[in-house]
Amino acid sequence: MSVSDPLIKLIKNHIYNLTISQPVTDAHSSLRPFCELLEIIFRKGLRPNTSLFDFTHKDYWNWLENLSHGITEGTVRLHPLFDVAISQVKLSTKVTSAQGRGRLFLRLSLQNKLLHNTIDALLKNSYFLFTWYDPEKSFFADDILSEILLSLLLQVSELNFQLCIKNNSFLDETWLIPSYRQLQLVPCIDLGLQLHHINGRVVVVSLNERGVAADGKEIEVGDVLDEMYEKPLRNIVKGTIPKLMRKHRDTPVNLAVVKFRGDDGSTFPPLVQLRKFLKKEGCTFDELPPEKPKPSTKKPPHALLPEDGEEEVPVHDDNEKVEYQVQYIGKTVVGQDGGVHQVEPAIRRLVNTDEKDAFDVNFALGETDVFVRKINSDEILFRVSYTEISACGRRTDSMQYFAYLAGETTCTLAKEFVAYVYKANTDEEAKTIICSIAQGFDRTHWFV
């Protein structure tokens, strides 16, 4: 395998996208492609099942659940939460296949920062590694690629993942994560719902507008009841829900619901398929309200990055500049080190001391330079070439504040770096500006 393996480039791009928008939630646009790519790497070179008496399909989950038994004493110790995560997956009744269990483990490992340690342990135990993987085909068997991957996963362990781990009932089928609601309804013995059981799911097919479940309009036709009173409802027998409600008749009804539609109005494909199956069986549904139009997720041209695709237009033409009106907070010398770790301390230092002296400026992003001018004036306060910028980023708590570090010459030769600190009008504007700087000079280091 080549060091320039396209999987490396792709995973770097996904980590970049995860890094510039934290915390990483289930709604993050890069979470699913990142997880899909991890799964491709985990499956690459995985040995097939060669037993004549075992016809089950082997997947990466099968080595994960055996990893703690395959560790050679004196090598890497597994994270204390590794066995907890494995047990949690095994006990889950919401995933029933090796694929679903593997995916649930990956989500747990991201949430609990286990992934780097898990792969490190696999790589340090070659007998176990080659029991499960073909040394000629596996990504993990290549010394250089596996070390690059390990360093990237170390970066991933620094990210703030805030995933809804309960929302895992469709991992057997897809990496798409549906909208999920955890509700508390008033005590009752009838929710006012007509339910239908299909493929182990409990689907809402009709809703009494005067019923308890209609309050707050959080439940609609096509939704799936996922939990009740903390009990998973996948593959339950008919009659379980009335029994649970009678048992807890004097307590609030705790429900978890997988939504047929997301907040943006888009439908969840597996539930669309379930709805089609039910209609074939003669089940009738109440009418759904009209679908909401989906908001555009296209980035503005000046914020496009190389990984956004070849069909998008470039950031600038030869003469174009994109301008923002922001507040200039101040500047401070950070010394000879222009590393990205200097950005946030510099912002904090100036915000805490010099913000009273802040004033509005025009912040312009040109083809080769960043220009900062006074409002209603042609006077240029600063002009910095992208090649002089060594790092850019913003505060992790107050994301409107952003900064870049620039040297007196090209950043690779500079002897002294200065932090220039600004305040954007919104978090999104600050993010867009930073993406634009990074796109302007792709060697600029970044963090958001």
(message) Can you confirm whether or not the ring centre of Tyr422 sits under 6.0 Å from the ring centre of Tyr401?
(response) no
(message) Any non-hydrogen side-chain atom of Val224 less than 4.5 Å from a side-chain atom of Val257?
(response) no
(request) May I ask you to establish whether Lys58 and Trp132 are in a cation-pi arrangement, using a distance under 6.0 Å from NZ or CZ to the six-membered ring centre and at most 45° from the ring axis? (result) yes
(message) Applying side-chain contact (heavy atoms from CB on, under 4.5 Å), can you list everything that pairs with Asn235, at least two apart in sequence or on another chain?
(response) Thr96
(message) Can you confirm if the NZ or CZ of Arg43 lies within 45° of the ring axis of Tyr60 and under 6.0 Å from the centre of its six-membered ring?
(response) no
(message) Checking Asn160 against Gln22: is there a side-chain donor and acceptor pair closer than 3.5 Å?
(response) no
(message) Could you tell me if the side chain of Arg261 sits less than 4.5 Å from the side chain of Ser179, heavy atoms only?
(response) no
(request) May I ask you to test the Leu365-Tyr324 pair for a side-chain heavy-atom distance under 4.5 Å? (result) yes
(message) Looking at every non-hydrogen atom in both residues, tell me the closest pair between Val253 and Val186 and how far apart they are.
(response) CG2-O, 3.7 Å
(request) Measure the OG-CD1 distance between Ser30 and Ile20 for me, rounded to the nearest 0.5 Å. (result) 7.5 Å
(request) Determine, for Lys259 against Asp223, whether the closest basic-nitrogen to carboxylate-oxygen distance falls under 4.0 angstrom. (result) yes
(request) Write down the atom of Thr251, the atom of Tyr229, and the distance for their closest heavy-atom approach. (result) OG1-CE2, 3.9 Å
(message) Could you tell me if the side chain of Glu429 sits less than 4.5 Å from the side chain of Val326, heavy atoms only?
(response) yes
Donor-acceptor list for residues 146-154 side chains, cut-off 3.5 Å, not counting sequence neighbours:
unit_1, atom_1, unit_2, atom_2, d
Ser146, OG, Asp142, O, 2.8
Ser146, OG, Asp143, O, 3.0
Ser151, OG, Ile148, O, 2.7

(message) Measuring only between side-chain heavy atoms, which start at C-beta, is Asn167 closer than 4.5 Å to Pro178?
(response) yes
(message) Quick one: does any side-chain atom of Thr240 pair with a main-chain N or O of Val237 as donor and acceptor, under 3.5 Å?
(response) yes
(request) Verify, without hydrogens or angle tests, whether Lys94 (side chain) and Gly100 (backbone) share a donor-acceptor contact under 3.5 angstrom. (result) no
(message) Quick check: closest heavy atoms across Leu108 and Ala85, and the distance to 0.1 Å?
(response) CD1-O, 3.8 Å
(request) Given salt bridge (charged side-chain N to carboxylate O under 4.0 Å, His left out), test Asp190 with Arg249 step by step and report yes or no. (result) CA-CA 10 Å; Asp190 185 2; Arg249 63 185 302 162; over 6 Å; no
(request) Using atom types as modelled and distance alone, determine if a side-chain donor or acceptor of Asp172 lies under 3.5 Å from a backbone N or O of Ser97. (result) yes
(message) Nearest 0.5 Å, please: how far is NE2 in His14 from SG in Cys35?
(response) 10.0 Å
(message) One thing to verify: whether Lys231 and Glu227 come together as a salt bridge, which I'm taking to mean a side-chain N less than 4.0 angstrom from a carboxylate O.
(response) no
(message) I'd like to know if Asp120 pairs up with Lys124 as an ion pair, taking the criterion as any Lys NZ or Arg NE/NH1/NH2 lying under 4.0 Å from an Asp or Glu carboxylate oxygen.
(response) yes
(request) Can you measure from CZ (Arg47) to CZ (Phe130) and round to the nearest 0.5 angstrom? (result) 8.5 Å
(message) Quick test of your reading of the model: are Arg201 and Glu173 salt-bridged, counting only N-O distances below 4.0 Å?
(response) yes
(message) If you apply the rule side-chain contact (heavy atoms from CB on, under 4.5 Å), what do you find for Val204 with Leu195, and how did you get there?
(response) CA-CA 5 Å; Val204 177; Leu195 306 172; 3.8 Å; yes
(message) Donor-acceptor pair, distance only, cut-off 3.5 Å: does the side chain of Arg103 make one with the backbone of Leu171?
(response) yes
(request) May I ask you to decide whether Arg234 forms a salt bridge with Asp226, counting only side-chain N to carboxylate O separations under 4.0 Å? (result) no
(request) State the OH-CD1 distance between Tyr127 and Ile71, to the nearest 0.5 angstrom. (result) 14.0 Å
(request) Answer yes or no: is there a side-chain heavy-atom contact under 4.5 Å between Arg394 and Gln400? (result) no
(request) Identify whether the distance between the nearest side-chain nitrogen and carboxylate oxygen of Lys166 and Glu230 falls below 4.0 Å. (result) yes
(request) Over 60° means perpendicular and under 30° means parallel, so classify the ring planes of Tyr420 and Tyr404, tilted if in between. (result) parallel
(message) Looking only at the side chains, is there a donor atom on one of Asp83 and His79 sitting less than 3.5 Å from an acceptor on the other?
(response) no
(request) Over all heavy atoms of both residues, which pair between Asp59 and Gln99 is shortest? Give the atoms and the distance, please. (result) OD2-CA, 3.7 Å
(request) Using the ring-ring contact (aromatic ring centres under 6.0 Å, His included) rule, pick out the option among Tyr133, Phe140, Trp61, Phe139 that qualifies with Phe42. (result) Phe140
(request) Could you check if a side-chain atom of Gln273 sits within less than 4.5 angstrom of a side-chain atom of Pro269, using non-hydrogen atoms only? (result) no
(request) Taking the side chain as every heavy atom from C-beta outward, state whether Glu39 and Trp175 have any atom pair closer than 4.5 Å. (result) yes
(message) Ignoring hydrogens, what is the shortest heavy-atom contact between Gly338 and Ala391? Give both atom names and the distance.
(response) O-CB, 3.7 Å
(request) For residues Pro270 and Thr174, report the shortest heavy-atom separation together with the two atoms involved. (result) CG-CG2, 3.9 Å
